[in-house]
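Worksheet: one structure, shown below.
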Amino acid sequence: MTKTQNQRYHHHHPHRRKNKMRFTSFRWYFAICMLVVHMEIQMQFCTASFVPSLLKLISKSSSPVSTLRLFSSTQSNVDRGSLQEVERAIVRLGRSGKTDDALDLYRRSMRECRHDSAVPGRNKLKLMNLAIDACARARPTRLSTAFEIFFDEVNSGDDVEKRTTMLRPNVFTFGALMSACARARDAEKAIKLLDVMESKYGVKPNAVVFGAAISACERSYSNAMYSTSLELLERACSDPSVSLSPILFNTAMSACARAEKWELAVGLIRDMEMKYNIQPDEISYATVMAACERSNQWKMVLQYADICEQSFRLDGVALSSALHACQQLALADKAISYLERMKYLQKEDVDQRTTNGRKRSGARKPLRGPDEVAYFLTISACSRAGEWRKGLDVLEEMKATGLSRSVKAYSAAIGGCAEAGEWKVALRLLTEMSDQGVKPNVVTYSTAISACAKALSMSDDKEDPFRAAMILFKRMKQDTRTAPNIVSYNAAITACAEGLKIDQAFALFNELTQTKLEPTIVTYGGLMTACERVGDSEKAERLFSIMKENGIVANEIVYGAAISCCRKAEKADKCYSLLKEMLKLDLRPNVATFNTVIRALTNSNDLTKALRILKYMESRDETVSPNQRTYSMIISALALNNMPEEAETLISAMSSKGMNVEVELYTATVRAYETTHKPRLALNLMEKMRRNGYNFYDNPVLDRIFKALVNTLSSP
């Protein structure tokens, strides 16, 4: 068979190719084993210098059995070179996740070393330390095995033979044991070990041991262990023999981050430099950013990102935290700038946080450039900031980088369309998802329906967006994986409300109650909006009764929509009573709600209640202070009802607050003075107008009134 035919054969028969590879590997392994057996017979021809080379070759293979046999066969010639190769083999096996093989090699090696008095104790101790380290690196961590090895070699008990070879642990021993405790999240055992290592074994803890003990508390399943981490850090800082480094502080700050104690983390990074003269590194700042991120202190996250960039380049973890903060704060341009900086991580020469060569099987690799999460956060930041077009640009860029555009990324982009009411773009993105093989989920459909609802509230077209919303909602119900949840129903009810389809809105409400979904306050808010849009006060009152039966207390949004509904129905007294209910419930109506009630009262000429509301607003804080519209409505009503003195008083109040008094308000008040035969007061008001910069000669109405007033005063 020619070379081309052989390649074609294996291309169409991949399983036979794998079998051939397995057979080839077996032949090599069988040959090595036969070589070892031959060496066991002909050992006198094998020099000591050859053993380490073969040990190194075999320890790199997939199985350490040959290493074990070779070391066993050379027990009478154990030299320093072969021991070093065994040590390296244990390290390689431990770091590659082959813990069982590493421990087998360790046990056989130790068994052979015990029978050779020429092997120094420090070499045996190093073997034990490496075995414990292999247990620490195992996934899951073999903490019990690590301590068994320790006690077996250090505390020999009644075994007389072992007692003579008992090892004395050093600081590296306890460093490996403490690392095992940390990776096993066993803070209690780590603290006990720290207490006995000096008192019982005479070994003083160093910075590595303290760091691992703090890490055990930080990784503990109990967030309350952050206080123990701080105590251990304080203990290390008070020991002059401990060489302080940022690692100790970073680990303690990480414990504070897990416990959402961002203030403590911020305090630690300040103490590092100011109290202990330790310069924070990039991981220090990233850890503080993570602590602030967990506590939703988004501005603090960006503040420490800026501080870090004055001395360091943000790594992938820190950039992810900064992007999350930009998303929450709706900072589109800043998020895009952080995304650009994350692209720099794709360069191989960029430093990322490492373990200085201490590999661990299954450990997470450093972030090399933006991932799906980074793009999602950036798109979401653009959407929340109202920059939906920029969000679409980032989505397109995501495709160009080769990353698969996830359902979360698409949903975030559609969310931006929902904020802007771009329902057609939202539908186009849904179609694009199907073309890309990305299946929309409940969030995607719900957001697209919200886009249709927003479009209905912004335009006079009440048909096309509504029809699209209902089609999407029907599509959701046809697939069990996208069955509508309460958020979906709320979006559909809002679409009905904005589409002036009140009956369909209440039909959806009845449907969701039959599906055993629990209506939320948002549900009732959407229904009340449906009542408000068409001015159906009867359905609004019925909705209040339903809420009362279900034990739901209306919020400001529901009451605000109900008051607006009653105003449209010309029920001013009902508006006033609803406002009083809100105040009794300690709710906080906004200025728009107060103005709606005042508008209803002024339209019905109930100026007494309108002035009462104005007085209440003026007595409250700035959140509900009367605005220009508040005064304008009441002044116009007072002038229309021939109450010019009261109107002029409010005009003066507006001027004192720096509000612009429209010329129409002056005109209406002057007319009221004229109607009530008070020409002198009318002329005084016109003089105020002149002082405020108004030239009433340019206004034909005011010019006519002025001349008539002058003639009236000039007449005998």
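Counting heavy-atom neighbours within 6.0 Å of Lys474 NZ, excluding the residue itself, gives a total of 12 or less. The number of heavy atoms from other shown groups lying within 6.0 Å of NZ (Lys571) is above 12.
One N or O on the side chain of Ser604 and one on the backbone of Leu601 form a donor-acceptor pair closer than 3.5 Å. Between the side chain of Asn550 and the backbone N or O of Ile552, no donor-acceptor pair lies under 3.5 Å. Checked by atom type and distance alone, the side chain of Thr602 never pairs as donor or acceptor with a backbone atom of Asn605 at under 3.5 Å. Under the 3.5 Å distance criterion, the side-chain polar atoms of Ser446 are left unmatched by any main-chain donor or acceptor of Val443. A donor-acceptor distance shorter than 3.5 angstrom exists from the side chain of Asn485 to the backbone of Val487, with no hydrogens or angles considered. Put simply, the side chain of Ser380 never gets that close to the backbone of Phe376: no donor and acceptor are under 3.5 Å apart. A donor-acceptor pair under 3.5 Å is formed between the side chain of Lys568 and the backbone N or O of Glu532. Listed for the Thr520 side chain is a donor-acceptor partner under 3.5 Å among the backbone atoms of Val522. Using modelled atom types, no side-chain atom of Ser636 and backbone atom of Met633 make a donor-acceptor pair closer than 3.5 Å. Checking side-chain atoms of Thr676 against main-chain N and O of Tyr673 turns up a donor-acceptor pair under 3.5 Å.
Residue Ile613 holds its CD1 atom at 13.5 Å from NZ of Lys615, rounded to the nearest 0.5 Å.
Ring centroid separation for the pair Phe509 and Tyr524 comes in under the 6.0 Å cut-off.
Ring pair Tyr304/Tyr285 is tilted by interplanar angle, where 30° to 60° counts as tilted.
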In sequence, state the C-alpha distance, the side-chain angles, and the governing distance for Asn441 and Lys408, and then conclude on side chain to side chain contact (heavy atoms under 4.5 Å, CB included).
-> CA-CA 9 Å; Asn441 58 18; Lys408 290 183 67 176; 5.8 Å; no
Starting from the C-alpha separation in whole Å, work towards a yes-or-no answer on ring pair (Phe, Tyr, Trp, His ring centres under 6.0 Å) for Phe473 and Tyr445.
-> CA-CA 8 Å; Phe473 191 72; Tyr445 278 118; over 10 Å; no
In sequence, state the C-alpha distance, the side-chain angles, and the governing distance for Glu511 and Lys477, and then conclude on salt bridge (Lys or Arg N to Asp or Glu O under 4.0 Å).
-> CA-CA 12 Å; Glu511 181 181 303; Lys477 294 193 287 187; 3.2 Å; yes
Ser411 and Thr444: side chain to side chain donor-acceptor pair (under 3.5 Å), yes or no, with the steps?
-> CA-CA 5 Å; Ser411 298; Thr444 314; 2.6 Å; yes
Start with the C-alpha gap between Lys390 and Asp333, add the side-chain angles, then the distance that decides, and say whether salt bridge (Lys or Arg N to Asp or Glu O under 4.0 Å) holds.
-> CA-CA 9 Å; Lys390 291 182 179 179; Asp333 292 335; 2.6 Å; yes
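Side-chain contact between Met289 and Met300: absent, with no pair of heavy atoms (C-beta onward) separated by less than 4.5 Å. Side-chain contact check for Val373 versus Leu323: every heavy-atom pair is 4.5 Å or farther apart. For the pair Cys496 and Ile502, the minimum side-chain heavy-atom distance is 4.5 Å or more. The shortest side-chain heavy-atom distance between Ile563 and Met582 falls under the 4.5 Å cut-off. Arg542 has its side chain out of reach of Met547: every pair of non-hydrogen atoms, C-beta onward, lies at least 4.5 Å apart. You'll find the side chain of Glu498 stays beyond 4.5 Å of the side chain of Lys454, heavy atoms only. Within the 4.5 Å cutoff, the side chain of Met433 has no heavy atoms near those of the Lys439 side chain.
Defined by atom type and a distance below 3.5 Å, a donor-acceptor pair is missing between the side-chain atoms of Arg671 and Thr675. Side-chain contact of Glu432 with Tyr410: a donor-acceptor pair under 3.5 Å is present, judged by distance alone.
Here Phe544 pairs with Tyr559 under the ring-ring contact (aromatic ring centres under 6.0 Å, His included) rule; sequence neighbours left out. Applying the salt bridge (Lys or Arg N to Asp or Glu O under 4.0 Å) rule to Glu260 yields no partners; only residues at least two apart in sequence or on another chain are considered.
For the side chain to side chain contact (heavy atoms under 4.5 Å, CB included) criterion with Thr669, the lone passing option out of Ile651, Leu638, Val661 is Ile651.
Figure legend: cation-pi geometry between Lys609 and Tyr576, with NZ or CZ positioned under 6.0 Å from the six-membered ring centre and within 45° of its axis. The side-chain tip of Arg599 does not point at the ring of Phe594 from less than 6.0 angstrom away and within 45° of straight on.
Listed here is the closest heavy atom pair of Ala569 and Gly535: CB-O, 4.0 Å.
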